[in-house]
Amino acid sequence: MSHPAGQESRVHAVLDDLSIELPSWGFADTGTRFGKFVQPGAAIDFNDKLADAAEVHRLTGCCPRIALHVLWDLQSEQSAEDVKSNTRQHGLQIGSMNPNLFQDQEYRFGSLCHADAAVGQRAMQHCIESIQLGQQLGSKVVTLWLADGTNYPGQDSIRRRKRQLSDCLRQLHEHLAADQTFLIEYKPFEPAFYHTDIADWGMSMSLARTMGSQAKVLVDTGHHYQSQNIEQIVAWLLDEGMLGGFHFNDRRYADDDLTLGAIDPYQIFRIFCEILSYAHDAGQTPRIEYMVDQSHNLKPKIEAMIQTVLTAQELAAKAALVDFHFLTERQSAHDLVECERHLKQAFFTDVTDLLAGWRTKKGITADPLTTYRESGHAEQIAAERTQRRRELGIVAGGTYA
Ligand code: RM4
Ligand code: MN
Ligand code: MN
């Protein structure tokens, strides 16, 4: 298929800039709140997670970093130096550090927002340790997803909790190294069902501004109410200089953690359009952390991750077909029909050959998902890990109850 002049280089430049971070937790057995479906090929330990992320990077060429969930990945005897060199041996770097303030019994009524100072202190200590671990591991990003909130009207003072949270964040900012960014995630509900202490992007932005210059907002694409206009949030955050990054996934009802673009690829395309439109106006690509936040309990994990990464690339490539100069000109003429048609034409253009061309240029397979499915790798790790589980005496537990 032939594309108009300049399109190929635009698409390739966008792909060159699109580096996607993989979540360690996306390779291990996880489940829903009702139970867990185990997979023979799931990662057993941290080393397996590194190996799986490395496999995705090897095939896609755009996932050099792995995000860590501090309590899930770094509780072994391994020293920071070991973790670092292990990661390097797999050809990867450590990406974002994700503190965990949601699973300990102490956090039943909150962590940083808890009324009891001792619990707040414990949460602070964990965040400080996560920041310091990040420094030792060469990570540049700390992300905070705060599960704090209440279940019942009148349960606690929303304003006290907000002030306390601001104080905590201000203190945490002092622990950041100059090259560390602190990203504040928001989520409207779950696990709290009446109010969540950081419920939307405005609250995240307000907290980030209070916290300090290295704090920004993290947009998890699955953390919005039904039909919310996420690209508008992205446009505002870009304009305010407050967009730090994304957690990629898709949703139909709530925080479903489905693979990116599975339900609404046009939404993700529109987000990329806002980013590229900003880059066009500003004359430079904004620094954004693109991170996947998915744990697949039905799909095979490595395949699901490759599918996600390819989807992100495909939708970014389609957005790169938009001619923002032309669009701006049509906007000034109030030519609504052409403006919409221009976006739709880009969205519906088949970019398979443009993506394949970029991959061939990089010396990787033109079709990573098919190559993986035909490689036998999934069967091989399933056999090896089944055997290892047996040797280690690991019995697959399928319930959270
Ligand atoms: C949350 C949120 C966080 C993730 C946890 C496991 O819903 O998306 O980013 O770390 O899940
Ligand atoms: Mn997230
Ligand atoms: Mn989530």
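Remember, it's 1-based here, ligands and their atoms both numbered in the order they're listed. The figures here come from the full heavy-atom set of this structure, side chains too, leaving out hydrogens, waters and symmetry mates. Keep in mind that what you see is a predicted model, and the values were worked out from it rather than measured.
Sorted by chain then number, the residues whose non-hydrogen atoms approach ligand 1 to under 4.0 Å are H69, W72, W145, E185, K187, D220, H223, H247, D255, D293.
With hydrogens and angles left out, the side-chain atoms of H377 and Y372 include a donor and acceptor closer than 3.5 Å.
When each of D220, N98, T181, D293 is tested with T143 by the rule side-chain hydrogen bond (donor to acceptor under 3.5 Å, both in side chains), just one qualifies, namely N98.
Taking the N/O/S atoms of D293 in turn, the shortest distance to the Mn ion (ligand 2) belongs to OD2. Nearest N/O/S atom of D220 relative to the Mn ion (ligand 2): this is OD2.
No more than 12 heavy atoms of other residues, nucleotides or ligands sit less than 6.0 Å from atom CZ of R252. Counted within 6.0 Å of CD on E231, heavy atoms from surrounding residues, nucleotides or ligands total more than 12; the atom is thus considered enclosed.
Taking a cutoff of 4.0 Å between a charged side-chain nitrogen and a carboxylate oxygen, E240 and R209 qualify as a salt bridge. Looking at D156 and R161, a side-chain N of the basic residue comes within less than 4.0 Å of a carboxylate O on the acidic one, giving a salt bridge.
Residue contacts to the Mn ion (ligand 2): D255 brings no N, O or S atom closer than 2.8 Å.
Geometry at the Mn ion (ligand 2): ND1/H247 and OE2/E185 form an angle of 100°, nearest 10 degrees.
Judged by distance alone, the side chain of D257 and the main-chain N or O of N249 form no donor-acceptor pair under 3.5 Å. With hydrogens and angles disregarded, a donor-acceptor distance shorter than 3.5 Å links the side chain of H342 to the backbone of D323.
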